[in-house]
Amino acid sequence: MALLEVENLSIDLGDFHLRDVSLSVEENDYLTVIGPTGAGKSVLLEAIAGFYPLLSGRVILEGRDITNEPPERRGISIVYQDYMLFPHMSVFDNIAFGLRKKGLPRGEIEREVRSIAEELHIGHILHRKPGTLSGGEQQRVALARALIVGPKVLLMDEPFSALDSKTREKLRSLVKSVIEEHGTTVIHVTHDFEDVFALAKHVAVMRDGRIVQFGTPEEVFSRPGDEFIASFVGTNLLRGRVEGLHDGLTAVRVGDVILYTADEAEGEATLSLRPEEIILAREPGECSAQNVVPVEIVEMERRGQLVWLSLVSDGLSLRAVVTPNAVELLKIRPGERFYALFKASALRVVK
Ligand SMILES: Nc1ncnc2c1ncn2[C@@H]1O[C@H](COP(=O)(O)OP(=O)(O)OP(=O)(O)O)[C@@H](O)[C@H]1O
Ligand SMILES: [Mg+2]
């Protein structure tokens, strides 16, 4: 049996409804929840934590029905984007809070606080007040406070989103090692796909108060369940018609182009292709990719460390992503013609 079972959870919050959400989280799982703003990701976390009255449904933890347990008795800790530390208490007292409530002896509390503080590299700031700390330090304190009580499930709502990108990266890898060390089961809401790729074992995609896809990161990002999910995770979705088999590959006509997939399909087929699987070349046949599509660059957009490209071919458009370095080397410019190369194994049949 799974560690945490969320069964047919429904909640009414004025205009917003969480509808019939079910989830199953194994022990040691790391589940990330993604979805557009307003989808209900935070409401779902807070419902699991016990902050909302349910319209219907149950929450089962370790086989025990905790649907009617108050938040503090659930064995579930929550970490927020904006830390939510007690401003008038020292870092030590913030971290010690949960153990004091449990009535642990003073010496034991002292030892536990020092030990978790060491792990999270905040042993040197235990005497300070939260207001004097950097965002990254505050979030490590919040994590220490959440983990010290040994929660069965740790919930995190965009824990890194208030941090600059360097701090975020450092904290992400620290969280990864601390979570693994403690064997903590995590549900982590995020807008940052880096979190998914670096941390997640499973991903749930939410939309309009529902979970619309659940799977491994590989499944969700390579085989998004519908067009909405494909566009949300940034995958190309192509609609075509199967023409037959060719050297063990399935040939699919998309627009005026024949593409090859290693998957089986018949009739109408929807295919997905990750933008990062596309290689651009001036000449066809420079690599072993089975798909070679002549394209024109129609748009370029620099975002962070990467450049996003819109490509068109006969009756087919694609999004691809390249490094600024590649843009220089290959002289990629709007209006220029290239070949988009990708492997048959990168083109996946969605349905
Ligand atoms: N206490 C509340 N009362 C009424 N409506 C609420 C309440 N809390 C949240 N909502 C509404 O529920 C919807 C879902 O909110 P939620 O905060 O879960 O979205 P989210 O997926 O976490 O979005 P974001 O990515 O922006 O954090 C929103 O439309 C929000 O306004
Ligand atoms: Mg939210």
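This one's a predicted model, so the numbers in the text were calculated from it and none came from an experiment.
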Side chain proximity check, Leu143 to Val178, heavy atoms < 4.5 angstrom: no
Arg274 and Thr235 side chains, donor-acceptor separation under 3.5 Å: yes
Thr67 and Asp65: CA distance, side-chain angles, deciding distance, side-chain hydrogen bond (donor to acceptor under 3.5 Å, both in side chains) verdict: CA-CA 6 Å; Thr67 314; Asp65 189 333; 2.4 Å; yes
Note: Glu110-Arg106 ion pair, threshold 4.0 Å (strictly below): no
Euclidean distance, Leu4 CG relative to Thr185 OG1, rounded to 0.5 Å: 8.5 Å
Side chain to side chain contact (heavy atoms under 4.5 Å, CB included) between Trp308 and Arg319, intermediate numbers included: CA-CA 7 Å; Trp308 288 83; Arg319 303 254 296 147; 3.6 Å; yes
Residue pairs fulfilling ring pair (Phe, Tyr, Trp, His ring centres under 6.0 Å) with at least one residue in residues 198-220, sequence neighbours excluded: His202-Phe214
Main-chain N/O of Val43 paired with Glu46 side-chain donor or acceptor, under 3.5 Å: no
Pairing of Glu69 and Arg74 as salt bridge, 4.0 angstrom limit: no
Shared hydrophobic cluster for Phe51 and Val79 (ILVMFWY, side-chain gaps under 4.5 Å): no
Main-chain N/O of Gly225 paired to Gln213 side chain as donor or acceptor, under 3.5 Å: yes
Pair Glu277 + Arg348: basic N to acidic O under 4.0 Å: no
Residues forming a side-chain hydrogen bond (donor to acceptor under 3.5 Å, both in side chains) with Thr132, sequence neighbours excluded: Arg128
Cationic N near anionic O, under 4.0 Å, Glu118 to Arg114: no
Heavy-atom pair with the smallest gap, counting every atom of Ser313 and Val293: OG-CG1, 3.4 Å
Over 12 non-hydrogen atoms of neighbours within 6.0 angstrom of CD in Gln305: no
Main-chain N/O of Leu133 paired to Gln138 side chain as donor or acceptor, under 3.5 Å: yes
Hydrophobic cluster membership, Leu126 vs Leu85, 4.5 Å side-chain cutoff: yes
Ionic contact status for Arg210 with Asp20, cut-off 4.0 Å: no
Side chain to side chain, Leu249 and Leu245, heavy atoms closer than 4.5 Å: no
Polar side-chain atom of Ser272 near backbone of Ser222 as donor-acceptor pair, under 3.5 Å: yes
Ring pair (Phe, Tyr, Trp, His ring centres under 6.0 Å) contacts in which one or both residues fall within residues 155-194, not counting sequence neighbours: Tyr30-His188, Phe160-His188, Phe193-Phe221, Phe193-Phe232
Ser42 vs Asp157, side chain to side chain contact (heavy atoms under 4.5 Å, CB included): CA-CA, chis, key distance, verdict: CA-CA 7 Å; Ser42 297; Asp157 196 353; 2.6 Å; yes
Ile179 side chain reached by Leu199 side chain, heavy atoms, under 4.5 Å: no
salt_bridge(Arg168, Asp192) N-O dist < 4.0 Å: yes
Lys NZ or Arg CZ of Arg145 over Tyr83 ring: under 6.0 Å, within 45°: no
Worked verdict on Glu283 versus Tyr339 for side-chain hydrogen bond (donor to acceptor under 3.5 Å, both in side chains): CA-CA 7 Å; Glu283 301 295 330; Tyr339 290 91; 6.0 Å; no
pair Glu219-Val203: side-chain heavy atoms closer than 4.5 Å: no
Side-chain heavy-atom pair Phe86, Asp93 within 4.5 angstrom cut-off: no
Cluster overlap Met206 with Tyr80, hydrophobic side-chain contacts below 4.5 Å: yes
Leu45 side, atom CG; Ile76 side, atom CD1 - distance, nearest 0.5 Å: 10.0 Å
Side-chain donor/acceptor of Asn94 to backbone N/O of Ser90, under 3.5 Å: yes
Trace of the side chain to side chain contact (heavy atoms under 4.5 Å, CB included) decision for Arg282 with Glu336: CA-CA 10 Å; Arg282 285 287 182 180; Glu336 292 283 310; 2.9 Å; yes
Closest heavy-atom pair and its distance - Arg140, Leu171: CG-CD1, 3.3 Å
Closest contact, heavy atoms only, Ser345 versus Ala262: CA-CB, 4.0 Å
Same apolar cluster (I L V M F W Y, side chains within < 4.5 Å links), Leu18/Ile34: no
Atom CD of Glu299: over 12 foreign heavy atoms under 6.0 Å: no
CD/Glu276: more than 12 non-hydrogen atoms of other groups inside 6.0 Å: yes
Non-hydrogen side-chain atoms of Ile278 and Leu318 separated by less than 4.5 Å: yes
Heavy-atom pair with the smallest gap, counting every atom of Met1 and Gly63: SD-CA, 3.7 Å
Minimal non-hydrogen separation, Pro151 against Thr184, with atom names: O-CG2, 4.3 Å
Euclidean distance, Leu120 CG relative to Ile125 CD1, rounded to 0.5 Å: 10.0 Å
Working for side chain to side chain contact (heavy atoms under 4.5 Å, CB included), residues Val149 and Ser77: CA-CA 8 Å; Val149 292; Ser77 293; 3.5 Å; yes
Donor-acceptor pair, side chain of Gln81 and main chain of Pro159, under 3.5 angstrom: no
Results of salt bridge (charged side-chain N to carboxylate O under 4.0 Å, His left out) for Glu62 - residues two or more places apart only: Lys152
Inter- and intrachain pairs under side chain to side chain donor-acceptor pair (under 3.5 Å), touching residues 245-254, at least two apart: Glu243-Arg253
Side-chain touch Val254/Leu271, heavy atoms, less than 4.5 angstrom: yes
Sequence-distant partners of Arg302, salt bridge (charged side-chain N to carboxylate O under 4.0 Å, His left out), two or more places apart: none
Arg19 with Asp208: basic N within carboxylate O range, under 4.0 Å: no
Qualifying residue for side chain to side chain contact (heavy atoms under 4.5 Å, CB included) with Leu44, from Val189, Ile11, Val21, Leu155: Val21
pair Leu31-Val186: side-chain heavy atoms closer than 4.5 Å: no
Charged N-O contact under 4.0 Å between Arg223 and Asp263: yes
Where Pro284 and Val292 come nearest, the two heavy atoms and their spacing: CB-CG1, 3.6 Å
Joint hydrophobic cluster, Leu147 plus Val141, side-chain heavy atoms closer than 4.5 Å: yes
